[in-house]
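Below is one structure, written out as structure tokens; the observations come after it.
For the numbers below, each heavy atom of this structure counts, side chains included, while hydrogens, waters and symmetry mates do not.
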Amino acid sequence: LGVDMLLGVALSIGVYLSAQRRNTWLTEVLVGVEYIYVLASLALVGQIYQLGSPTHHALLAWSLSTLPLMLLVRTPLLALVWLSGLIWTHADTTIFY
């Protein structure tokens, strides 16, 4: 978990620095990587601690916690990726639960 946390901090610093320098392409790539990284980290924590909570709880935490991050994006592709994540969360909450 420590290595996972260090990777998350490094990604966050990279996003901050690239956004501050107005490097749009690098910011978009790092935001996309961090978006997927957050979901993977939630899955890792759930696996390590054997959490018995439903999947939609993790997906909802993922969608809400990445909202500020995804407000940095300007390309339609990443907006579509985030919207797909929201649809996945909604479907898991309503259909599969």
Answer with yes or no whether the hydrophobic clustering places L44 together with Y49; edges join I, L, V, M, F, W, Y residues whose side-chain heavy atoms lie under 4.5 Å apart. yes
Under 3.5 Å, side chain of W62 to main-chain N/O of Y35, donor-acceptor pair present? yes
Smallest heavy-atom separation, G8 atom then E34 atom, equals O-OE2, 4.0 Å
Shortest non-hydrogen contact from G85 toward S63: O-OG, 4.1 Å
Shared hydrophobic cluster, L39 / L67 (ILVMFWY, side-chain heavy atoms < 4.5 Å): yes
Mind listing the closest non-hydrogen atom pair of A58 and L42 along with its distance? O-CD1, 3.6 Å
Is any side-chain heavy atom of T89 closer than 4.5 Å to one of H56? no
Where do W82 and M70 come nearest, in terms of heavy atoms and distance? CD1-CG, 3.2 Å
Do you reckon V33 sits in the same ILVMFWY cluster as W25, going by side-chain contacts under 4.5 Å, direct or chained? yes
For a quick test of reading the model, state the closest non-hydrogen atom pair linking P68 to S65 and the distance between them. CD-O, 3.7 Å
Within-4.5 Å side-chain heavy-atom neighbours: T27 and V73: no
Considering residues at least two apart in sequence or located in another chain, which fulfil the side-chain contact (heavy atoms from CB on, under 4.5 Å) criterion with L26? S18, N23, L30
Do you know which two heavy atoms are closest between E28 and R74, and how far apart they sit? OE2-N, 2.8 Å
Does V45 belong to the same Ile/Leu/Val/Met/Phe/Trp/Tyr cluster as I48, with side-chain heavy atoms less than 4.5 Å apart forming each link? yes
How long is the span from the CG atom in L59 to the CG atom in L86, to the nearest 0.5 Å? 10.5 Å
Linking I/L/V/M/F/W/Y whenever their side-chain heavy atoms sit closer than 4.5 Å, directly or via other members, would Y16 and V9 fall into one cluster? yes
Nearest-0.5 Å distance that lies between atom OG1 in T66 and atom CG in L72: 11.5 Å
How long is the span from the CH2 atom in W88 to the OG1 atom in T93, to the nearest 0.5 Å? 11.5 Å
Separation between CG of L60 and NE2 of H57, rounded to the nearest 0.5 Å: 8.0 Å
Taken to the nearest 0.5 Å, the spacing of S41 OG from I36 CD1 works out to 11.5 Å
